[in-house]
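Residue numbers begin at 1 in each chain, while the letters A, B, ... track the order of the sequences. Note that the coordinates shown come from a computational prediction; the quantities given were computed from them, not determined experimentally. Values below: all heavy atoms of this structure, side chains included; hydrogens, waters and symmetry mates excluded.
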Amino acid sequence: EPEVTQTPSHQVTQMGQEVILRCVPISNHLYFYWYRQILGQKVEFLVSFYNNEISEKSEIFDDQFSVERPDGSNFTLKIRSTKLEDSAMYFCASSAQAGGSLGFNEQFFGPGTRLTVL
Amino acid sequence: AQSVTQLGSHVSVSEGALVLLRCNYSSSVPPYLFWYVQYPNQGLQLLLKYTTGATLVKGINGFEAEFKKSETSFHLTKPSAHMSDAAEYFCAVSGRSSASKIIFGSGTRLSIRP
């Protein structure tokens, strides 16, 4: 069964460093998302991406964050200068073309990357 | 705007007892509703979803939920709890357009007593 994969599973970095979190969405999906979950808290939406553009972003997704689909398979989240409060589990998700009024558009989640900022 | 409220951050039941996890939603448009489960140190697994049609939806592992529009509720139930059900459960809502973000509740930790 196709699945979303994420690498690395755990990333440790120093405050102020840049990190890139990588995701490989399900191959025929067209919509991509990043969510994060700070330890012990709820899952929060960061950004959605379609047709090489950001569709929507939350207030969390400030200028320190960026997303990219550098090739036909990867979807990345970059944090330019990490802060302590960026420590969280980051989940990637993808969904298929069929959706909206034409049908349900389920998002499939990856296993997450745990980011620890020291 | 959409939001989800889960009543009870921690629920503890005995093995074999009824599980009831409460969720109320707010949405200005007909929503999609979901329950996700998260086991320790793992990702999110979709338990069940309501999109349209029958208001009682059945999911994996014997869970079900009923969409009650008049009460804006989507409570999760399971007739008989099993030790393996111990996990964090998130109720969630999204819009119906393509690329709609999912809004999650704060979660309910379910503990099962032997």
Restricting to non-hydrogen atoms, name the atom on A:A93 and the atom on A:Q107 that form the minimum distance, rounded to 0.1 Å.
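Scanning both residues completely, I find the closest heavy atoms to be CB-OE1, 4.0 Å.
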Quick one: closest heavy-atom pair of B:L46 and B:K49, and the distance?
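B:L46 and B:K49 have their closest heavy atoms at CD2-CD, 4.3 Å.
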Residue pair A:E56 / A:S48, side-chain donor-acceptor N/O under 3.5 Å:
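Judged by distance alone, the side chains do not pair up.
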A:T76-A:N74 side chain donor-acceptor pair, cut-off 3.5 Å
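Side-chain D/A pair, A:T76 to A:N74: absent.
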Those residues of residues 102-114 of chain B, ordered by number, that approach chain A below 4.5 Å (heavy atom to heavy atom):
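Those residues of residues 102-114 of chain B which have a heavy atom under 4.5 Å from chain A are B:I102, B:F104, B:G105, B:S106.
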Interface residues of residues 53-63 of chain B facing chain A - non-hydrogen atoms under 4.5 Å apart:
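Result: none.
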Evaluate the ring planes of [X] and [Y], with Trp represented by its six-membered ring, and classify them as parallel (under 30°), tilted (30 to 60°) or perpendicular (over 60°).
X	Y	answer
A:F49	A:F32	tilted
A:F108	A:H29	tilted
B:Y32	B:F34	perpendicular

For chain B, which residues of residues 36-45 of chain A have heavy atoms nearer than 4.5 angstrom
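Near chain B, by residue number: A:Q37, A:Q41, A:K42, A:V43, A:F45.
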Examine whether an atom of A:Y35 lies under 4.5 Å from a heavy atom of chain B, and if so say whether it belongs to the side chain, the backbone or both; otherwise answer neither.
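For A:Y35, the contact with chain B is made by the side chain alone.
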Is chain A contacted by the side chain of B:E88, its backbone, both, or neither, given a heavy-atom distance below 4.5 Å?
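For B:E88, neither part sits under 4.5 Å from chain A.
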Assert yes or no for the condition that the ring centre distance of A:F75 to A:Y33 is strictly below 6.0 Å.
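No, they do not, as the ring centres are separated by 6.0 Å or more.
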Please tell me whether A:Y31 and A:Y50 form a close aromatic pair, meaning their ring centres lie under 6.0 Å apart.
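So the answer is yes for these two rings.
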Could you please spell out the steps behind the ring-ring contact (aromatic ring centres under 6.0 Å, His included) verdict for B:F90 and B:Y36?
CA-CA 5 Å; B:F90 293 96; B:Y36 286 86; 8.4 Å; no
Gap between atom CD1 of A:I60 and atom CD of A:E85 - 0.5 Å precision
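Rounded to the nearest 0.5 Å, the CD-CD1 separation comes out at 11.5 Å.
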Tell me which pairs pass side chain to side chain donor-acceptor pair (under 3.5 Å) where either residue lies in residues 2-25 of chain A, with sequence neighbours left out.
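For residues 2-25 of chain A: A:H10-A:T116.
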If we define contacts as heavy-atom pairs under 4.5 Å, which of B:Q38, B:Q6, B:Q42 has the most with chain A?
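It is B:Q38.
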Linking I/L/V/M/F/W/Y whenever their side-chain heavy atoms sit closer than 4.5 Å, directly or via other members, would B:V13 and B:V37 fall into one cluster?
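Cluster IDs for B:V13 and B:V37 match.
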With clusters defined by side-chain heavy atoms of hydrophobic residues (ILVMFWY) lying less than 4.5 Å apart, directly or transitively, does B:V29 cluster with B:F67?
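No; B:V29 is not reachable from B:F67 via cluster members.
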